[in-house]
Undergrad: 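Dumping the structure here so I can ask a few things about it.
What you are looking at is a predicted structure, and each value in this text was computed from that prediction instead of being measured.
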Amino acid sequence: MPPQLVKILNDSYQAVKNDGQDVIAGLTKNPKTLPPKYFYDDYGSELFEQICALPEYYPTRTEASILEECADEIAELTGSRELVELGSGSSTKTRLLLDAYQKIGNSFTYIPTDVSGGILKNSVLELQEKYPDFSIQGLLGTYQQTLTYLESTPAALRTVCFLGSSVGNFPPQEFDSLLTQITKSLEPGNYFLLGIDLQKPKEILEPAYNDRQGITAAFNLNMLSHLNWRFQGNFDLDVFNHKAIYNQAESQIEMRLYCQENVTFSLETLDLKVTFQAGESIMTEISRKFDLGILQTKLEAKELKIKKVWTDPKKWFGLILCQA
Ligand code: AVJ
């Protein structure tokens with residue numbers, strides 16, 4: 001049998017089956033929220049790729065510029081034979097790391113993981129062609145499912161990477177438990193590579209999340225169309241508006257969808273009715289902006305020893321390499 005391109009992490013890795021419970025919890029809260037993982041159906045992942053290329057959206061190209069400088073060093077320092085990536089998307093930036101590991105010439109396994117099956121399968125196919133000597137195994141699942149799986153399959157020379165500042169989606173407490181779970185997925189000596197967006201003026205941050213072409217707006221609204229197909233919903237995208245603001249006190253971007261009318265929608269398979277007052281919003285995402293020093297202390301407290309830290313000349317983005 002040919003190897004599976006993508007292994008599906010199903011609920012056997014999860015104690016409780018929970019599909020949609022997080023949607024119910026968020027939409028019955030006041031104020032309403034939704035988990036950012038619902039951005040990423042296949043179309044949402046495609047929109048996110050477009051965001052990464054926007055002139056206002058600096059994180060992707062800034063992180064790539066740092067990786068261009070330090071990928072060889074990371075490959076040498078870690079000497080890893082396995083790279084697991086959380087939320088790999090198209091794996092575009094990761095190719096800089098894969099190139100560096102390829103130069104070293106050891107046998108090597110790359111494990112991209114994502115919640116979007118379409119983009120994951122396509123990138124596994126492309127990467128297998130570009131890196132014929134690497135073993136490439138996609139994992140389809142949430143961060144939690146992936147980390148639980150990793151814990152059950154330890155590897156001596158493993159690096160787990162979490163790029164693009166996706167950790168910024170986690171509020172402080174959840175971030176804390178995520179770090180605990182990441183530590184559990186690592187054996188002593190394994191590495192963790194973390195990409196984080198750093199604090200900077202509102203004048204740079206807000207345009208990055210309210211782009212002039214409206215791609216971020218389409219990305220935000222697509223969450224409702226994802227819920228419509230996944231849970232037989234009837235959200236009318238035309239009555240919602242996108243807006244992102246920088247909450248200076250919390251150092252986070254907050255992205256919301258504002259409902260323009262008094263209206264009720266339903267999600268049939270969740271047996272849920274959701275009523276909105278005109279002007280009411282759903283918060284779909286927070287994107288935290290970090291202080292490099294505070295974060296380093298936090299990682300050390302989680303028994304992740306800082307090996308090396310890189311930034312760009314403007315100090316807009318940081319890359320931290322830790323060892324368990
Ligand atoms: C993928 C979570 C890192 O927070 O910048 C981009 C998602 N949302 N534009 C971010 C996002 C709106 C992105 N992360």
Side-chain angles (χ1 to χ4, degrees), residues 48 51-80 83-101 103 159-170 172 175-176 178-179 182-183 186 190-209 211 244 246-248 250-253 285-324:
F48 181 66
I51 287 175
C52 291
L54 288 170
E56 298 96 332
Y57 194 73
Y58 62 85
T60 311
R61 74 180 68 89
T62 310
E63 187 178 40
S65 75
I66 302 170
L67 277 169
E68 265 160 37
E69 294 296 317
C70 70
D72 286 335
E73 198 181 349
I74 291 171
E76 278 156 29
L77 274 173
T78 60
S80 291
L83 178 67
V84 185
E85 178 167 16
L86 299 172
S88 50
S90 64
S91 301
T92 306
K93 284 166 297 180
T94 321
R95 291 180 180 213
L96 296 163
L97 284 171
L98 297 179
D99 290 343
Y101 283 107
K103 275 192 239 164
T159 293
V160 171
C161 71
F162 202 175
L163 302 178
S165 203
S166 292
V167 288
N169 280 164
F170 291 86
F175 178 47
D176 207 84
L178 182 82
L179 282 180
I182 287 171
T183 309
L186 301 171
N190 281 178
Y191 289 90
F192 177 50
L193 179 66
L194 180 62
I196 48 151
D197 201 8
L198 302 175
Q199 292 164 5
K200 60 183 66 59
K202 205 188 177 100
E203 289 67 32
I204 296 158
L205 287 166
E206 287 188 340
Y209 292 83
D211 68 277
Y246 186 55
N247 179 335
Q248 194 89 50
E250 301 286 339
S251 301
Q252 63 191 21
I253 286 282
E285 179 172 53
I286 63 165
S287 184
R288 295 171 62 206
K289 306 303 162 190
F290 294 92
D291 175 289
L292 201 46
I294 295 175
L295 188 57
Q296 281 174 258
T297 310
K298 173 123 214 98
L299 291 164
E300 294 270 4
K302 288 284 171 184
E303 290 168 67
L304 292 164
K305 278 175 280 146
I306 312 293
K307 279 281 159 191
K308 190 143 184 184
V309 180
W310 297 267
T311 55
D312 55 293
K314 290 190 209 149
K315 300 215 170 7
W316 277 8
F317 205 93
L319 210 54
I320 307 179
L321 181 67
C322 320
Q323 189 171 30

Undergrad: Between the side chains of Q199 and D291, does any donor sit under 3.5 Å from an acceptor?
TA: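 No pair is found: no donor N or O on one side chain lies under 3.5 Å from an acceptor on the other.
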Undergrad: Decide yes or no on side-chain contact (heavy atoms from CB on, under 4.5 Å) for Q323 and L186, but give the supporting numbers first.
TA: CA-CA 9 Å; Q323 189 171 30; L186 301 171; over 6 Å; no
Undergrad: Which value, rounded to the nearest 0.5 Å, describes the distance between K289 atom NZ and I253 atom CD1?
TA: 6.0 Å
Undergrad: Are any side-chain N or O atoms of E300 and backbone N or O atoms of I306, one a donor and one an acceptor, separated by less than 3.5 Å?
TA: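 The answer is yes, because a donor-acceptor pair under 3.5 Å joins these two groups.
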Undergrad: Under a 3.5 Å threshold, yes or no: a donor from one side chain and an acceptor from the other, between K200 and Y58?
TA: yes
Undergrad: What verdict does the side-chain contact (heavy atoms from CB on, under 4.5 Å) test give for L299 and L194, after you've listed the backbone C-alpha separation in whole Å, the side-chain angles of each residue and the deciding distance to 0.1 Å?
TA: CA-CA 10 Å; L299 291 164; L194 180 62; 4.3 Å; yes
Undergrad: With rounding to the nearest 0.5 angstrom, report the CG to CG distance, D211 to L54.
TA: 4.5 Å
Undergrad: Between L304 and C322, what is the shortest heavy-atom contact and its length?
TA: CB-CB, 3.8 Å
Undergrad: Verify whether one side chain among Y191 and S80 offers a donor that lies under 3.5 Å from an acceptor in the other.
TA: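 Checked: Y191/S80 side chains show no N/O donor-acceptor pair below 3.5 Å.
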Undergrad: Is any side-chain heavy atom of T94 closer than 4.5 Å to one of L83?
TA: yes
Undergrad: Using modelled atom types only, decide if a donor and an acceptor are shared between the side chain of N247 and the backbone of Q252 within a distance under 3.5 Å.
TA: no
Undergrad: Looking at OG1 of T159 and CG of L97, how far apart are the two atoms once the value is rounded to the nearest 0.5 Å?
TA: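 Going from OG1 on T159 over to CG on L97, the span is 9.0 Å.
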Undergrad: Looking at CG of N190 and OG1 of T183, how far apart are the two atoms once the value is rounded to the nearest 0.5 Å?
TA: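 Nearest 0.5 Å value for the CG-OG1 distance: 11.0 Å.
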Undergrad: Over all heavy atoms of both residues, which pair between W310 and C70 is shortest? Give the atoms and the distance, please.
TA: NE1-CB, 3.3 Å
Undergrad: Specify whether Y209 and Y57 have parallel, tilted or perpendicular ring planes, treating 30° as the upper limit for parallel and 60° as the lower limit for perpendicular.
TA: perpendicular
Undergrad: Do E285 side-chain atoms and N169 backbone N/O form a donor-acceptor pair below 3.5 Å?
TA: no
Undergrad: Between V167 and L86, does the side-chain contact (heavy atoms from CB on, under 4.5 Å) criterion hold? Intermediate values first, please.
TA: CA-CA 10 Å; V167 288; L86 299 172; over 6 Å; no
Undergrad: Without swapping roles, check the side chain of R288 against the backbone of S165 for a donor-acceptor pair under 3.5 Å.
TA: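 No.
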